[in-house]
Amino acid sequence: MAKTLTYKILEKHLVEGTLAEGNTIGIRIDQTLTQDATGTTAFLLFESMNLSRTKTDVSVSYIDHNMSQFGPENHNDHLYLQTVATKAGAYHSRAGNGICHQVHLERFGKPGSTLLGSDSHTPTGGGIGMLAIGAGGMDVAVAMGGGTFYLTAPKVIGVKLVGELKDWVASKDVILKLLSILSTKGNVGCLVEYFGPGVKTLSVPQRATITNMGAELGVTTSVFPSDENTLQFLKAQDREDAFVELSADEGVEYDRVIEIDLSELEPMAACPSSPDNIKTVSEMAGTTVRQVVVGSCTNSSYADLMMVASVLKGRKIDEMVEFAIAPGSKQVLEMITQNGALGDMIAAGARILESGCGPCIGQGFSPADGVVSVRTFNRNFAGRTGTTGDMAYLVSPETAIACALTGKFTDPTTLDIDYPKIPLPEHFIADDSMIVNPLPEDEAAKAEVLRGPTIVVPESPRPLPDTLTSTVILKCGDKITTDHIMPAGAYLKYRSNVPEYAKVVFDCFKEVGKPSFHDRSLQLKAAGTGSIIVAGQSYGQGSSREHAALCPMYLGVRAVIAKSIERIHKANLINFAIVPLEFAEERDYDGINEHDVLEIAGLLEAVKSSDCVTVKNVTQETEFSAVLKLADRDRDILLADGLLSYTRENA
Ligand code: MIC
Ligand code: SF4
């Protein structure tokens, strides 16, 4: 039978289960990546699991998120991560070397391999033909130690690309188009595979933009074939050896096929405050823009920045626009420095930021109140810029530069400028001196791990009670993202210190004069009852940050009852022994109020062997059913009080 590329890669890596859609399967992970904001917990947990050496082909620890270094916390993290990673047998990409996904694509990505990363944009690797999946840090820690990764064998959505992009229309517009079709919800359990004649018109960095932002669809990952363009990219990176040709079998049938004609696309934008709130740029033409940023793991490749520099050469940005550029990697920054493009950007009035996540994760460059900020990023969840009530639009670098020049929303196809087509360079600067190699085992045994005082080992979950009687601490709506649950930005520096970071859980719902989620939860925790979160659809969208489960667990949250829960977040809840429940009937959501007391008798038994529990609303004197959609291993993890103790027991 003809196979999809996805199933071919899965088959090669299968170690447990039967490879058929919907089944839980276990796969071998060839490579892992962690970044500093999730990496400290991943490595702390790796150490707590008594795993000493990585057993993957390649594991890389990156520093790219927390680089503002106000106070000692970030630097403590950097030193801990470098010393713990190299001791454990991992590579360490130092602060300044670039954003994990960009650097991984350049220096480590390998077609046909599996990559598990503690960051939801790990699917960037799909641009080079990897099966690259985002997960919580704890799952990545297990994989680093050689453990199997479990997932649901996905439904494969085939996206057929035909035609070729017009000048000024970018690969970002392809993924924005797909988001307008599939939206950010309802795609759990699916994977996107690209095929068709349009594929060969896209370079690896263009493909990586598409697979990167594929994370916003909520799919397991996205993947492109590996072809002559992949070879050309690898050759230019001096890594030709990593190449293998890969594609789906001729005549394969996908679960669903979506056709996109690249030649018909026009510049698009994701409007506030969701990546699927799509409009064409021409619809918004004329709207005043006060801030523009080019960067992030979605759009900061050499070609993206060269296009921007070529447009800026000899021109000036609008005087009412603040314009910043954050190159994706040291490689990109060095190349644009050496060829003079950086000078063109600076002369035009651009503010050059260091290679890292920066404004994408709210580390500086927050926009003023009430102004439009246009960004080449992948997420515009409310408040993510660091400004409450922000108006962030996500666009291609082409649209971004048009807005920066004119000070208003401008469709780049209307610019009276020749489109600068940037060819792939023959040779990228392949200098890995900012990547520290793993220590050999004998040296590692003696090496010291530097642990600053702000690195705190997280508390372990408590056993689940047989009958859970808890208060609804929060009732929230649809599409609650991990940015709502655990804000990043200025609070990122507390990632290694759960009691400190937990102070801002659900801060976005804080009402003046009322006690915070943190204070209310701790009262309930002290009273011994703990709490329950009630939510609408797609609870836990967005980031893989396990702090969105870890901090609520620390505050005594025992269960989440939602209309639906996103894949990575659900796994994180299970890993920290919070029971994920879904309403059997969505209308039962309406019958619950905040502060109601809910009782689930026989919870332990249900976690062991049932798909359903009865939830008694003690306050309202009603009852409803909730569903436990759990694989056997999920049940075992919950019963073992979380993945940490489960791994210790099963190591
Ligand atoms: C993000 O884009 O939200 C992040 C920051 O990269 C996260 C990881 C994190 O919260 O540390 C992600 O996408 O997983
Ligand atoms: Fe960093 Fe932003 Fe990419 Fe997340 S989405 S990895 S914060 S650049």
Side-chain angles (χ1 to χ4, degrees), residues 33-42 61-68 74 77 81 93 95 98-105 116-125 132-140 175 184 208-209 211-216 218 221 270 275 293-301 304 326-329 332 353-365 375-381 383-386 392 394 481-489 491-496 501 504 540-551 566-569 571-572:
L33 73 77
T34 50
Q35 39 86 341
D36 51 312
T38 55
T40 45
T41 8
S61 144
Y62 291 92
I63 306 278
D64 53 2
H65 283 62
N66 279 314
M67 313 218 296
S68 42
N74 297 164
D77 287 354
L81 283 171
S93 171
I99 308 176
C100 55
H101 309 302
Q102 175 70 25
V103 178
H104 207 86
L105 192 76
L116 194 73
S118 63
D119 190 283
S120 62
H121 292 103
T122 304
T124 313
I133 303 175
M138 214 196 255
D139 282 318
V140 177
I175 186 63
T184 60
T209 293
T211 57
N212 169 286
M213 202 171 172
E216 274 45 72
T221 187
V293 198
V294 173
S296 93
C297 54
T298 323
N299 276 124
S300 56
S301 67
D304 285 339
S329 65
V332 172
L353 309 179
E354 68 178 318
S355 294
C357 298
C360 178
I361 192 62
Q363 293 270 302
F365 227 76
R375 301 168 161 225
T376 63
F377 307 167
N378 49 36
R379 287 190 175 143
N380 58 348
F381 302 142
R384 187 173 158 101
T385 61
L394 309 174
T481 71
T482 47
D483 278 83
H484 289 109
I485 308 172
M486 281 313 328
Y491 304 110
L492 261 191
K493 67 177 191 177
Y494 299 122
R495 282 281 172 97
S496 311
Y501 196 26
V504 294
Q541 276 194 356
S543 142
S544 66
R545 62 189 72 149
E546 60 198 337
H547 295 80
L550 174 55
C551 292
E566 292 295 298
R567 175 187 68 88
I568 304 180
H569 187 60
N572 285 335

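Every number for a ligand or one of its atoms is a count from 1 in the order of the listing.
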Do [X] and [Y] have side chains that approach each other closer than 4.5 Å (heavy atoms only, starting at C-beta)?
X: Leu394; Y: Asn378; result: no
X: His484; Y: Phe381; result: no
X: Arg375; Y: Thr385; result: yes
X: His569; Y: Ile485; result: yes
X: Arg379; Y: Cys360; result: no

Any atoms of ligand 2 less than 4.0 Å from a non-hydrogen atom of [X]? List them with their elements.
X: His101; result: 6 (S)
X: His65; result: 1 (Fe), 4 (Fe), 6 (S), 7 (S)
X: Ile361; result: 7 (S)

I need the contact type for [X] against ligand 2. Using non-hydrogen atoms and a strict under-4.0 Å cut-off, is it side chain, backbone, both or neither?
X: Asn378; value: side chain
X: Asn212; value: neither
X: Gln35; value: neither
X: Arg379; value: neither

Quick one: which ligand 1 atoms are inside 4.0 Å of a heavy atom on [X]?
X: His65; value: 4 (C), 5 (C), 6 (O)
X: Arg545; value: 1 (C), 3 (O), 5 (C), 9 (C), 10 (O)
X: Ser544; value: 12 (C), 14 (O)
X: Ala37; value: 11 (O)
X: Asp119; value: 4 (C), 6 (O), 7 (C), 8 (C), 12 (C), 13 (O), 14 (O)
X: Arg384; value: 1 (C), 2 (O), 3 (O)
X: Thr38; value: 9 (C), 11 (O)

Nearest neighbour in protein (non-hydrogen) for [atom]:
atom: atom 8 (S) of ligand 2; answer: Cys297 N, 3.4 Å
atom: atom 12 (C) of ligand 1; answer: Ser120 OG, 3.2 Å
atom: atom 1 (Fe) of ligand 2; answer: Cys357 SG, 2.3 Å
atom: atom 8 (C) of ligand 1; answer: Gln35 NE2, 3.2 Å
atom: atom 2 (Fe) of ligand 2; answer: Cys360 SG, 2.3 Å

> What are the two closest heavy atoms between Thr221 and Ala132, and how far apart are they?
Replying inline: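 Heavy atoms of Thr221 and Ala132 come nearest at OG1-O, 2.6 Å.
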> Looking at Tyr62 and His104, what are the two nearest heavy atoms and their distance?
Replying inline: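 Heavy-atom minimum between the residues: OH-ND1, 2.8 Å.
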> Is it the side chain, the backbone, both or neither of Glu216 that has a heavy atom closer than 4.0 Å to ligand 1?
Replying inline: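 No part of Glu216 is near ligand 1 at this cut-off.
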> At the 4.0 Å heavy-atom cut-off, does Met486 count as touching ligand 1?
Replying inline: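 Per 4.0 Å heavy-atom rule, Met486 does not contact ligand 1.
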>> Using heavy atoms and a 4.0 Å limit, tell me yes or no: is His547 in contact with ligand 1?
In response: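 It does not; every heavy atom stays at 4.0 Å or beyond.
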Tell me if a side-chain donor or acceptor on [X] pairs with a main-chain N or O of [Y] at a distance below 3.5 Å.
X: Asp36; Y: His65; result: yes
X: Glu546; Y: Gly137; result: yes
X: Gln363; Y: Gly489; result: yes

> Given the rule in the side chain to side chain donor-acceptor pair (under 3.5 Å) test, do His101 and Asp119 qualify, once you have shown the distances and angles that lead to the verdict?
Replying inline: CA-CA 9 Å; His101 309 302; Asp119 190 283; 2.9 Å; yes
>> Under the side-chain contact (heavy atoms from CB on, under 4.5 Å) test against Phe377, which residue among Pro275, Ser296, Ser300, Cys357 passes?
In response: Ser296
To the nearest 0.5 Å, what is the distance between [atom1] on [X] and [atom2] on [Y]?
X: Thr481; Y: Arg545; atom1: OG1; atom2: CZ; result: 7.5 Å
X: Lys493; Y: Asn74; atom1: NZ; atom2: CG; result: 7.5 Å
X: Thr376; Y: Asp304; atom1: OG1; atom2: CG; result: 7.0 Å

>> Which option wins on minimum heavy-atom distance to atom 1 (C) of ligand 1: Arg495, Arg379, His101, His121?
In response: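 Residue with the shortest heavy-atom distance to the ligand atom: Arg379.
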> Under 4.0 angstrom from ligand 2, any heavy atom of Arg384?
Replying inline: yes
> Ser543 to ligand 1: N or O pair under 3.5 Å?
Replying inline: yes
